[in-house]
Amino acid sequence: MADPRRRRRRTATAIAAPNIALVKYWGQRDERLRLPYNSSLSVTLGGIRTRTTVRFDPGFARDRLSLNGRWVTGPPLDAVRKFLDRVRELSAEPEHAEVVSANNFPTASGLASSASGFAALAGAAAWAAGVDATPADLSRLARVGSGSAARSIFGGFVVWDKGQRADGLDSVARPLFGPTHWPELVDLVVVIRGAPDKPIRSADAMQRSVATSPRFAGRQRAVPPRLERMERAIAERDAERLFPEVMEECDDFRAVCETTRPPLDYLTPASRAVLDAVRTVNREAGHPVAAYTHDAGAHVHVFTLAEDAATVRAALAAVAGVERILSLRPGPGLHRAGRSAAA
Ligand code: PMV
């Protein structure tokens with residue numbers, strides 16, 4: 001009779017979405033555990049997602065990774081293998097795994113964030129390995145793959161508390177408000193034509209900012225009260241108070257990048273023209289009707305309310321170099337395929 005262990009296969013499929021930070025994570029006080037200097041706040045996006053299946057099987061001689069329909073090796077596989085090692089430690093699971101991951105949004109859109117990828121991998125790997133993990137445990141696990149992935153475990157509006165402990169147990173995301181808290185809030189994702197690939201990994205770039213930007217220390221003082229003001233504005237669904245804070249935070253993040261040595265410049269002339277278009281729309285409206293933000297890339301997220309979305313979208317579409325605009329709402333957090341999301 002066949003050895004039952006030889007036939008044991010454990011599989012799980014998870015779905016997670018990218019998130020866009022309104023308060024950015026930029027700088028790690030511990031690089032191995034990805035413990036941040038400051039807390040951050042984000043919106044998990046609806047309509048775009050990563051779907052990942054993990055299968056542990058005693059028949060596999062090594063870990064394998066398929067991304068968007070292709071088997072890949074090199075740095076993406078190395079990162080996944082390192083991540084699976086952590087899951088194997090947690091579960092005493094000795095087997096190798098096959099990871100099949102695909103995004104329902106084009107990788108070329110620049111939204112192929114590591115956040116949805118590592119959040120989905122954390123869920124699928126932990127469930128497949130039989131680890132009994134709470135959402136907070138999954139957030140801590142996802143964090144070591146990619147910091148921003150800690151936040152994609154939860155839907156809607158999410159805070160990642162920086163924590164104090166050296167072991168990272170208190171550096172974990174938590175849901176602030178679920179995806180239906182503010183249904184009128186729209187994220188117009190402005191995809192910039194010909195956006196360059198990231199020259200260096202964010203995890204390395206941010207450490208360069210910590211070491212060389214004269215603005216890093218000032219940012220650390222500005223972020224906590226700004227995050228509190230944003231939390232209050234979101235609680236009250238007050239766009240007029242939230243939008244200027246979002247832009248101020250984005251400008252602060254960009255100033256830290258630009259004063260890093262050598263400088264980190266993620267924007268193209270078209271991205272900068274989009275920021276200008278948002279400033280013009282607000283000036284012409286006489287009050288803040290839109291807010292721009294971007295992360296370590298050329299694409300720009302423009303928040304607005306449903307009632308203003310058509311006007312704002314038309315202004316953005318008129319900017320030369322804009323390839324297309326996606327209209328997204330807050331969406332759900334990590335969940336198993338075929339099941340509805342909790343938060
Ligand atoms: O999690 P990473 O290594 O992809 O870094 C994310 C950094 C930013 O996107 C710029 C900010 C953030 O908080 O998401």
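Indexing begins at 1, ligand by ligand and atom by atom, following the structure's order.
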For ligand 1, output the ligand-protein N/O contacts shorter than 3.5 angstrom; if there are none, return none.
residue  : atom   : partner : partner atom : Å
ligand 1 : 1 (O)  : S146    : OG           : 2.9
ligand 1 : 1 (O)  : G147    : N            : 3.4
ligand 1 : 1 (O)  : S148    : N            : 2.9
ligand 1 : 1 (O)  : S148    : OG           : 2.7
ligand 1 : 4 (O)  : S114    : OG           : 3.2
ligand 1 : 13 (O) : Y25     : N            : 2.8
ligand 1 : 13 (O) : R151    : NH1          : 2.9
ligand 1 : 13 (O) : R151    : NH2          : 3.1
ligand 1 : 14 (O) : R151    : NH2          : 2.8

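- The salt bridge (charged side-chain N to carboxylate O under 4.0 Å, His left out) with D63 is formed by just one residue from the set R88, K82, R55; it is R88.
- In terms of the salt bridge (charged side-chain N to carboxylate O under 4.0 Å, His left out) criterion, residue partners of D167 (sequence neighbours excluded) are, by chain and number, R165.
- Annotation: salt bridge (charged side-chain N to carboxylate O under 4.0 Å, His left out) contacts of R174 (sequence neighbours excluded): D161.
- Ion pairing of D57 with R64 is absent here, as no side-chain N (NZ or NE/NH1/NH2) approaches a carboxylate O to less than 4.0 Å.
- Side-chain N or O atoms of H335 include one that pairs as donor or acceptor with a backbone N or O of G333 at under 3.5 Å.
- With sequence neighbours left out, F83 forms a ring-ring contact (aromatic ring centres under 6.0 Å, His included) with F118.
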